[in-house]
**Student:** 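One structure is given below, represented as structure tokens, and several questions about it will come after.
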There are 2 protein chains.
Amino acid sequence: MKETTTSTRALRSDSERTVHTILEAAERVLSRNPAASMEQIAEAAGVARTTVHRRFASRDALVAAMASWATRRFAEAVDAAHPETTPPLVALYQITANVLRVKIDWSFAMSLALTADREAAHVHADIEERCERLFVKAREAGVLRADVDPAWARRVYYALIHEAAQSRDADADTLAARLVDTLLRGVGTGQSLT
Amino acid sequence: MKETTTSTRALRSDSERTVHTILEAAERVLSRNPAASMEQIAEAAGVARTTVHRRFASRDALVAAMASWATRRFAEAVDAAHPETTPPLVALYQITANVLRVKIDWSFAMSLALTADREAAHVHADIEERCERLFVKAREAGVLRADVDPAWARRVYYALIHEAAQSRDADADTLAARLVDTLLRGVGTGQSLT
DNA sequence: GATAGTTGCATCAATAGAGTCGCAAATTGT
DNA sequence: ACAATTTGCGACTCTATTGATGCAACTATC
């Protein structure tokens with residue numbers, strides 16, 4: 001399966017570049033209109049529709065490839081923060097910044113997690129679990145309030161990630177700092193309803 | 001245009017009931033799969049596909065009707081809280097609870113705001129503006145932190161509304177209480193990164 | 001029971017999109 | 001310059017979906 005000559009390697013590298021161009025175009029088009037046609041995706045990628053069909057056997061295959069690609073980047077983003085060994089607050093910040101970097105460019109593809117195949121679903125479940133462990137650690141370290149439902153806290157965190165990824169009014173680090181600050185302290189002055 | 005006999009009134013009332021049944025079914029089906037066919041919607045509504053086409057000239061017309069319906073309910077939910085005259089914190093809680101009640105049942109239809117017609121877009125812009133005024137009032141009253149970007153605060157609020165509407169693990173009032181508490185105080189113990 | 005309105009069903013045409021194929025032209029490495 | 005590969009283009013089939021229509025059956029009201 002591996003290339004044996006430099007020629008083959010160069011050509012394969014070109015192919016992969018085309019594939020990546022199509023994936024990026026698909027992300028751009030489908031994030032605006034999930035029902036867009038292959039024609040529109042091909043046009044955005046600057047290639048003919050037939051070329052897209054040559055690279056991806058079907059529409060589903062293309063979408064699956066997007067999910068797979070985004071999932072890989074997602075897992076890398078979490079791994080890079082070493083959430084198991086880093087202090088919880090630092091890990092939270094690092095993960096946030098890294099994930100935002102991915103999600104800003106692959107928003108649609110990342111929303112495919114639920115629809116994705118067994119492979120990708122497993123990776124997502126794994127990440128979910130690591131996030132859960134991180135939140136438990138943070139709670140035990142006194143970073144998170146003990147009177148807040150952990151599941152809700154994580155949901156809030158995901159919602160803020162999603163929101164921050166939409167508002168591209170700053171770089172990932174700035175967004176992450178603001179996000180974590182909001183997550184932990186809220187936007188109020190400390191008064192409570194209850 | 002108005003009915004003149006009791007007979008006509010009764011029949012029209014039946015028609016409107018059918019229309020409403022279809023709208024509800026469309027919400028249920030399209031929230032799971034935005035690309036669902038008219039056939040699937042009709043089946044979910046328990047009517048023939050032709051009946052749906054009799055009530056709504058086209059697919060777009062059906063979707064527009066959903067957007068219009070949800071927009072009306074949305075506006076009512078905000079109005080009922082009297083955000084202009086009620087103290088900010090109370091208004092915030094009331095609006096949250098009312099909007100959640102609508103959004104839990106009309107999640108898909110409410111996401112159509114951006115795609116909707118001029119009419120609906122105007123109503124949404126109006127609500128947006130009233131929300132902005134409410135947040136300004138809340139800030140001036142010392143409820144909201146002055147060092148937080150107001151636009152970001154509102155975005156966070158919308159994100160939490162969206163998230164809370166997805167998690168149907170409690171009634172609207174409970175969700176609203178938790179949401180506002182999280183919005184104002186966050187999920188942390190008060191430590192800051194900076 | 002007569003009537004007006006609504007619905008279900010079968011069927012039709014029109015359309016858009018997915019997927020396939022062959023061939024000429026362009027690209028790229030050697 | 002040559003060979004391998006990829007691409008664009010045009011044409012094609014096939015299928016799903018939309019939207020329209022005529023007719024018989026049903027329902028509620030009078």
Side-chain angles (χ1 to χ4, degrees), chain A residues 1-67 108 112 115, chain B residues 1-67 108 112 115:
Chain A
M1 271 297 179
K2 284 193 175 173
E3 58 274 3
T4 47
T5 72
T6 45
S7 148
T8 317
R9 188 190 300 129
L11 289 167
R12 248 195 63 181
S13 152
D14 270 6
S15 301
E16 283 168 10
R17 204 171 303 139
T18 306
V19 166
H20 191 255
T21 304
I22 294 173
L23 286 177
E24 284 179 327
E27 165 62 36
R28 243 176 300 133
V29 173
L30 294 179
S31 65
R32 287 178 192 276
N33 173 23
S37 67
M38 298 289 272
E39 178 75 54
Q40 291 173 273
I41 294 170
E43 190 189 345
V47 300
R49 189 174 63 92
T50 43
T51 301
V52 179
H53 275 107
R54 279 197 195 95
R55 296 299 173 186
F56 303 96
S58 70
R59 190 180 216 280
D60 284 350
L62 169 59
V63 171
M66 293 176 68
F108 175 81
L112 258 45
T115 337
Chain B
M1 272 301 178
K2 287 195 174 172
E3 59 274 1
T4 48
T5 71
T6 44
S7 148
T8 316
R9 189 188 303 130
L11 289 167
R12 249 196 63 181
S13 153
D14 271 5
S15 301
E16 284 168 10
R17 204 171 304 141
T18 306
V19 166
H20 191 255
T21 303
I22 294 173
L23 286 177
E24 284 180 326
E27 164 63 36
R28 242 176 301 134
V29 173
L30 294 180
S31 65
R32 287 178 192 275
N33 172 25
S37 67
M38 297 290 271
E39 179 75 51
Q40 291 173 273
I41 295 170
E43 189 189 345
V47 299
R49 190 174 63 90
T50 44
T51 302
V52 179
H53 275 107
R54 281 196 193 95
R55 296 300 172 186
F56 303 96
S58 69
R59 191 181 216 281
D60 283 351
L62 169 59
V63 172
M66 292 175 69
F108 175 80
L112 259 45
T115 337

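Computed over heavy atoms, backbone and side chain alike; hydrogens, waters and symmetry mates excluded. Note on naming: letters A, B, ... go to the chains in the order of the sequence lines (proteins, then strands), and numbering restarts at 1 for each one.
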**Student:** Taking CD1 from A/I41 and P from C/dG17, how many angstroms apart are they, rounded to a whole number?
**Tutor:** 12 Å
**Student:** Above 12 or not: heavy atoms from other molecules or residues under 6.0 Å from CD of B/E43?
**Tutor:** no
**Student:** Does A/S37 place a side-chain N or O at less than 4.0 Å from the phosphate oxygens OP1/OP2 of C/dG17?
**Tutor:** no
**Student:** Could you give the CG-to-P distance, from B/D60 to D/dT17, as a whole number of Å?
**Tutor:** 17 Å
**Student:** Under 4.5 Å between any side-chain heavy atoms of B/M38 and B/L62, yes or no?
**Tutor:** yes
**Student:** Is the phosphate of D/dT7 approached by A/T51 (side-chain N or O, under 4.0 Å from OP1 or OP2)?
**Tutor:** no
**Student:** Tell me the interatomic distance from A/R17, atom CZ, to C/dT27, atom P, rounded to whole angstroms.
**Tutor:** 15 Å
**Student:** Would you kindly give the CG-to-P distance between A/L62 and C/dG17, to the nearest whole Å?
**Tutor:** 16 Å
**Student:** Just the rounded figure in Å: distance from P of D/dT7 to CZ of A/F56.
**Tutor:** 11 Å
**Student:** C/dG5 phosphate, OP1 or OP2: any side-chain N/O from B/R54 under 4.0 angstrom?
**Tutor:** no
**Student:** Within this structure, what is the CD1-CG distance for the pair B/I41 and B/L30, rounded to the nearest 0.5 Å?
**Tutor:** 4.0 Å
**Student:** Look at the side chain of B/H53 and decide which nucleotide, out of D/dG19, C/dT20, C/dA10, has an atom nearest to it.
**Tutor:** D/dG19
**Student:** Using a cut-off of less than 4.0 Å, is there contact between a side-chain N or O of A/S58 and OP1 or OP2 of C/dA18?
**Tutor:** no
**Student:** With DNA chain C as reference, determine whether A/A57 or B/T50 sits nearer its 5' end, using the nearest nucleotide of each.
**Tutor:** B/T50
**Student:** Tell me the closest heavy-atom pair linking B/F108 and B/M66, and the distance in Å.
**Tutor:** CD2-CE, 3.7 Å
**Student:** What integer distance in Å separates A/R49:CZ from C/dG19:P?
**Tutor:** 9 Å
**Student:** Once you round it to whole Å, what is the distance between P of D/dA16 and CD of B/Q40?
**Tutor:** 12 Å
**Student:** Just how far, in rounded Å, is C1' of C/dG19 from CZ of A/R55?
**Tutor:** 17 Å
**Student:** Please report the C-alpha distance between A/T51 and A/R54 in whole Å, then the side-chain angles of each, then the deciding distance to 0.1 Å, and finally whether the side-chain contact (heavy atoms from CB on, under 4.5 Å) criterion is met.
**Tutor:** CA-CA 5 Å; A/T51 301; A/R54 279 197 195 95; 3.8 Å; yes
